[in-house]
S.K.: 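First, the structure itself, so that you have it in front of you.
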Amino acid sequence: MTTTPRDPMTARDRFSAACRRDPVDRPPVWIMRQAGRYMSSYRALRERAHFLEICRRPELSLEATMMAVDQLEVDAAILFSDILIPLAPMGLSVDFDEGGPKVSPVRDLAAIDKLSTSVVGELGYVADAVTLIRKTLDSRPDPLPLLGFSGSPFTLATYAIEGGTTKNKHALRRMVWDHPDALHALLDKLATVVGPYCSMQVAAGVHAIQLFDTWGGLLTEDEWRRFSLPYTQRVIRYLRQAHPQVPIIHYALDATHLVPGLADLQCDVLSVDHKEPLSLIREKTGRAFALQGNVEPGVMTASTTAIARAVENCLDDYGAHPGHIVNLGHGITPDARVEAAQTFVRVAKEHGAALWSA
Ligand code: CP3
């Protein structure tokens, strides 16, 4: 039996205990993409600055990060940036417009060969943003943990090949079928970039790293083992060696067919969508890691009663076992209500505490 810590924990102890699967006073809660267009304060910030400018100017990144922290009272802050940021210094053009991200696509070896892998020197503004956010968090009572992140090599490759968010991802599928060597060459470069990029964020002060493999679930298990797993494993090995204490969270969307194979990643926390209950994933993966999630994001547009029910169901399903971080199964959407996100956090805290003190 695990014993429940009787005194309230500090926010940083609670988060790292959940990642390590140690007992908590209640599971921590935060919301994927917690700073975004569903907030009027974020839309006002966007009136003043383009999205990329917010990412590139540390004081604006700080402002976006803290608006989510202050309005939602979450248990973790996440660096305001984007997964596509490291693609620009590799030599790709990256922009964002109404239709989402636009990347100059690379689809052959000649173009891939030209990509640079020494990008950290050009991403100093990300480290500066982390330093500034850490300083702000540290000056407050019960400072929150700060999460850094990157896209996984496979998900970054998907954007680099597709040139943006596309429906059927046929350019990527053609690479898988016709040009696996070129795809491997690109993934190799991305894995070389992502490790040091995350390490830079840790050195600047983040407490944990989340790797977003948003598109890995497009692959069959066999393809995933060839094109995603080994490259993410390389990043994880790099980080473990450089920062053995820093928890690594792996986010997998639409990937229930990859469970239990996902256990081979050896991350600390697996973050999953809502398609299967956490209790089932926990059994299928042999309790190999903590789980983060997994409330359906659409509930953030529904009634307060529905949100409370969804959060309570998620907590009850996982139960008072160590190793749960409450979150959505995917990012919060622009049509969500801020009050809905606030309800989500409040119910997660109240119900989580009741569950753990029972
Ligand atoms: O608050 C936070 O969580 C931190 C910031 C954050 C953003 N993007 C800000 C953002 C994080 C962690 C991300 C991750 C991200 N970015 C992912 C992985 C998570 C997921 O949703 O699967 C992916 C795939 C991206 C790529 C990306 N960035 C897309 C597809 C888009 C356009 C669609 C959309 O959701 O807006 C973006 C733009 C983006 N990233 C915005 C924000 C707040 C909106 C840009 C704007 O203000 O116009």
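Note that ligands are numbered from 1 as they come in the structure, with each ligand's atoms numbered from 1 the same way.
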S.K.: Return the residue, atom name and 0.1 Å-rounded distance of the protein heavy atom closest to atom 33 (C) of ligand 1.
M.R.: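 Answer, as residue, atom name and distance: R37 NH2, 4.2 Å.
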
S.K.: Heavy-atom contacts with T165 under 4.0 Å: which atoms of ligand 1 show up? List them by number with element.
M.R.: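 Going through ligand 1 atom by atom, the ones under 4.0 Å from T165 are 30 (C).
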
S.K.: Take every heavy atom of Y159, measure it against each atom of ligand 1, and state whether any distance is under 4.0 Å.
M.R.: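 Under 4.0 Å: yes for Y159.
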
S.K.: Near F96, which atoms of ligand 1 are under 4.0 Å from a heavy atom of that residue?
M.R.: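 So the atoms of ligand 1 that pass are 28 (N), 37 (C), 38 (C).
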
S.K.: Starting from atom 27 (C) of ligand 1, which protein heavy atom do you reach first, and at what distance in Å?
M.R.: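 Atom 27 (C) of ligand 1 sits closest to the protein heavy atom D82 OD1, 3.7 Å.
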
S.K.: Could you find the nearest protein heavy atom to atom 39 (C) of ligand 1 and give me its residue, atom name and distance?
M.R.: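 Scanning the protein heavy atoms, the shortest distance from atom 39 (C) of ligand 1 goes to R33 NH2, 3.3 Å.
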
S.K.: Please confirm whether the backbone N or O of L253 pairs with a side-chain atom of D273, one donor and one acceptor, at under 3.5 Å?
M.R.: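 No: the side chain of D273 does not pair with the backbone of L253.
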
S.K.: Kindly confirm or rule out an N or O of T214 lying under 3.5 angstrom from an N or O of ligand 1.
M.R.: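 In this structure, T214 places an N or O atom under 3.5 Å from an N or O of ligand 1.
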
S.K.: On the 0 to 90° scale, with breaks at 30° and 60°, tag the F80-Y42 ring pair as parallel, tilted or perpendicular.
M.R.: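 Judged by the thresholds at 30° and 60°, the geometry between F80 and Y42 is tilted.
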
S.K.: Please confirm whether the ring centroid of F96 lies under 6.0 Å from the ring centroid of H50.
M.R.: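 No, ring centres 6.0 Å or more apart.
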
S.K.: Is the F149-F212 ring centre distance short of 6.0 angstrom?
M.R.: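 Judged by ring-centre distance (under 6.0 Å), F149 and F212 do meet the cut-off.
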
S.K.: Under the criterion side chain to side chain contact (heavy atoms under 4.5 Å, CB included), I'd like the reasoning laid out for L355 against Y318: C-alpha separation, chi angles, the key distance, then a yes or no.
M.R.: CA-CA 10 Å; L355 191 68; Y318 193 93; over 6 Å; no

S.K.: Report the nearest protein non-hydrogen atom to atom 23 (C) of ligand 1: residue, atom name, distance rounded to 0.1 Å.
M.R.: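 Ranked first by proximity to atom 23 (C) of ligand 1 is I83 CD1, 3.4 Å.
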
S.K.: Which option, Y38, F80, F51, owns the non-hydrogen atom nearest atom 45 (C) of ligand 1?
M.R.: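 Looking at heavy atoms only, F51 sits closest to atom 45 (C) of ligand 1.
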
S.K.: May I ask you to decide whether E47 forms a salt bridge with R43, counting only side-chain N to carboxylate O separations under 4.0 Å?
M.R.: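 No, no charged N to carboxylate O under 4.0 Å.
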
S.K.: Among protein heavy atoms, which lies nearest atom 20 (C) of ligand 1, and at what distance?
M.R.: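 Going by distance alone, atom 20 (C) of ligand 1 is nearest to H330 NE2, 3.2 Å.
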
S.K.: State whether the number of non-hydrogen atoms from other residues, nucleotides or ligands found under 6.0 Å of E59 atom CD is greater than 12.
M.R.: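 Enclosed.
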
S.K.: Can you find a non-hydrogen atom of P101 under 4.0 Å from ligand 1?
M.R.: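 Heavy atoms of P101 do come under 4.0 Å of ligand 1.
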
S.K.: When you measure from atom 1 (O) of ligand 1 to each heavy atom in A35, S81, S61, which option holds the nearest one?
M.R.: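 Checking each option, the heavy atom nearest atom 1 (O) of ligand 1 is found in A35.
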
S.K.: What is the nearest protein non-hydrogen atom to atom 19 (C) of ligand 1, stated with its residue, atom name and distance?
M.R.: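 Ranking protein heavy atoms by distance from atom 19 (C) of ligand 1, first comes F212 CD2, 3.4 Å.
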
S.K.: Strictly below 4.0 Å, N to O, side chains only: are D70 and R140 in salt-bridge contact?
M.R.: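 A salt bridge links D70 with R140.
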
S.K.: Look at atom 46 (C) of ligand 1 and say which protein heavy atom is nearest, naming residue and atom and giving the distance to 0.1 Å.
M.R.: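 Here the closest protein heavy atom is R46 NE, 3.3 Å.
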
S.K.: So, D317 and R282, do they make that salt bridge, N to O below 4.0 Å?
M.R.: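 A salt bridge is absent here (no side-chain N lies under 4.0 Å from a carboxylate O).
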
S.K.: Purely on distance, is any nitrogen or oxygen of Q34 under 3.5 Å from one on ligand 1?
M.R.: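 So ligand 1 has an N or O lying under 3.5 Å from an N or O of Q34.
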
S.K.: Who's the nearest protein heavy-atom neighbour of atom 47 (O) of ligand 1, and how far?
M.R.: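 Going by distance alone, atom 47 (O) of ligand 1 is nearest to Y42 OH, 2.5 Å.
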
S.K.: Does L79 have a heavy atom less than 4.0 Å from any atom of ligand 1?
M.R.: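 So L79 counts as touching ligand 1.
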
S.K.: Between T333 and D335, do the side chains contain an N or O donor and an N or O acceptor separated by less than 3.5 Å?
M.R.: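 There is such a pair between these side chains.
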
